[in-house]
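We name chains A, B, ... by the order of the sequence lines, and we start the count at 1 in each one.
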Amino acid sequence: MSLTVDPVSTPINTEGPVILPRQFAYLTELSPADNSKYIQVRVYRKWTGVKVPGFTPTNFSCILLDKKGSAVQANADLKEKDRFDHDLQINNVYKIQGFGFERTDSWGKTLDNDFTLTFGKYTQIDRLTDTDYPYHYFNFAAFNELNARLEKKNPILTDYIGYVHNVEKVKEYGGATTSRIKLRNIGIRNLNNDVVPFTLWNEDADNFKDDEYAQMKQPVVLVVSSCYLKRYAGQIQLSATSANRYYFNPDVQETSELLAAYNKANASGPHLQVQTERLTSWDQEKTRNRVPLGTLLQIDPKTQQRVLFTQEATVLQIDTGHHWYYQKCDECGGKLTYGYLHGQCHQYETKPNPENRMVITDGTGNALMSCFTPQTDGLIKDVNALLNEVENKDPAITPPAILALQNTRHVFQFQFATPTTKGPPTFILKKIMDNPPTALPAASAGPSSPPVLQSITETDEHYTPPPVTPTVTQDTPADAPATTSYPPELGAKKQLFPPSTSEEHDRSPKKQKNE
DNA sequence: CCCCCCCC
């Protein structure tokens, strides 16, 4: 013990610096005032710290894991970056000594540590052959914890895990006169089918290996680490920071959980494979995603948001308990109640534009479908014309022209409505496809109203996330063919996830070709 | 020391 020198209590009469062998310490045994320890660690992650605006590089950073699974961040001056970048290789294990300590910056914390190691010119690094060290260190947030984290001022950056729900293409924004920014969103879905977008920026957006991902066995579990949480377009977003790294199917317990849940669901019944791209031929489009209503009704709508289905179905009943239209105030946008003055916006009289709305019940599975103008084109005439025809404009009184739809048969294209309450899912009419369009086939090909559903790409009304499907309750062996039959062009594959990205991008973001 | 993580 006499060889041990505590630098804090060493008498000051020591001649020059005393180089004494340092003692091994686990990371939990380090203290910011103690210079007498060395550590043995795996290099887990490394990155270049940046400063906004401009994202100019500021320092070299890394995260180190010791044998017991503890983690510590270490920083070095930017001028030492090349050396440490070279001497510290990801996943290699090293003995490190001669480091200092600093208080961990509250901004962009990667770990729940009070101090961070500092590396510099006295730092000595020796490679070790023992590699029996942990490969990962995560502190996952659950979906329902994200909001609380978002509210917190300087929370620790967020680690998150789930299935890859969809992979978007790179989008480019801005230009020479502002900032040129590229981004790529990747939806991450948990076991409750909540989807959170993870955003990669610029080079990282480009460098995401689409092709590699597309080749991977589905489903793919994705872990994203050290993400900045923010709200974008009203929904929560995991934004990549410089410290971020992401991992496919990392060997952690949560990955096993997700894969086990997938296999269990997969073993219990057939799954949808849906075609999410609009088909150019009317005949093909008309039969796209002909999934029986009975099947759709057993599906979690959250997994099929914005996917368009078609079905030829009979209108069993008009829901006369539902108002067949409603009026919207042209000033505040609020819903008007028939017979009630909207005096706060229109002092003397109300002249709002009518917007029709009615609910019909349709089809083999008795599904409830809401129909909004103008998607009712081809089913009923213009709502204003209809209103002119009826004597009683009370929206509770369904006109005969609408009641006459009962027992008529049509080809509906529709999507799931935003799930609100418990009970069977409901649908939203998107298009009546009884007859091919007579004119303007291209212009009428897409939905003409703003998106009804919240989704990852809220701004793109043509967006539909790729398909995913939870259990449809049937006792089908895992490798048995799906019992549901689909038109051949759908490919009746029994597959929970599609092999690739398949968004309906008929508009591409503005691209600047001056790189 | 502060600003401060890129997009609607």
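Note on ring orientation: taking the six-membered ring where Trp is involved, the planes of Tyr246(A) and Phe248(A) are perpendicular (angle over 60°, cut-offs 30° and 60°). Classification of the Phe119(A)-Phe99(A) ring pair by plane angle, with boundaries at 30° and 60°, yields tilted.
Stacking is found between Tyr232(A) and the pyrimidine-like six-membered ring of the dC7(B) base under the 5.5 Å centre-distance and 30° plane-angle cut-offs.
Not less than 6.0 angstrom separates the ring centroid of Tyr247(A) from the ring centroid of Tyr135(A). For Phe140(A) and Tyr160(A), the ring centers sit 6.0 Å or farther from each other.
Each of dC5(B), dC8(B), dC4(B) was ranked by its minimum atom distance to the side chain of Ala233(A); first place goes to dC8(B). Here the side chain of Lys51(A) is nearest to one of dC7(B), dC3(B), dC5(B), namely dC3(B). When distances are taken from the side chain of Pro53(A) to each of dC5(B), dC3(B), dC8(B), the shortest belongs to dC3(B). Taking only side-chain atoms of Trp107(A), from C-beta outward, the nucleotide of dC3(B), dC7(B), dC5(B) with the closest atom is dC5(B).
Going from atom CZ of Arg103(A) over to atom P of dC1(B) covers 12 Å, rounded to whole Å. As a whole-Å value, the separation of Ile181(A) CD1 from dC5(B) P is 12 Å. As rounded to whole Å, 13 Å separates atom P of dC4(B) from atom NZ of Lys153(A). With rounding to whole Å, Lys109(A) atom NZ is found 18 Å from dC5(B) atom P. As a whole-Å value, the separation of Tyr173(A) OH from dC7(B) P is 10 Å. One interatomic measurement links the two molecules: CD of Glu168(A) to C1' of dC7(B), which rounds to 11 Å at whole-angstrom precision. Put simply, CG on Leu150(A) is 12 Å from P on dC5(B), counting in whole angstrom units. Taking atom CH2 of Trp201(A) as the reference point, atom P of dC7(B) lies 6 Å away to the nearest angstrom.
Comparing Ser179(A) and Asp105(A) by the nucleotide of DNA chain B whose heavy atom lies nearest to each, the residue mapping closer to the 5' end is Asp105(A).
The residue Ser239(A) sits close only to the backbone: its heavy atoms come under 4.0 Å of sugar-phosphate atoms, none of a base.
Two residues are said to be in side-chain contact when any heavy atoms from C-beta on lie closer than 4.5 Å; Val43(A) and Leu64(A) meet this criterion.
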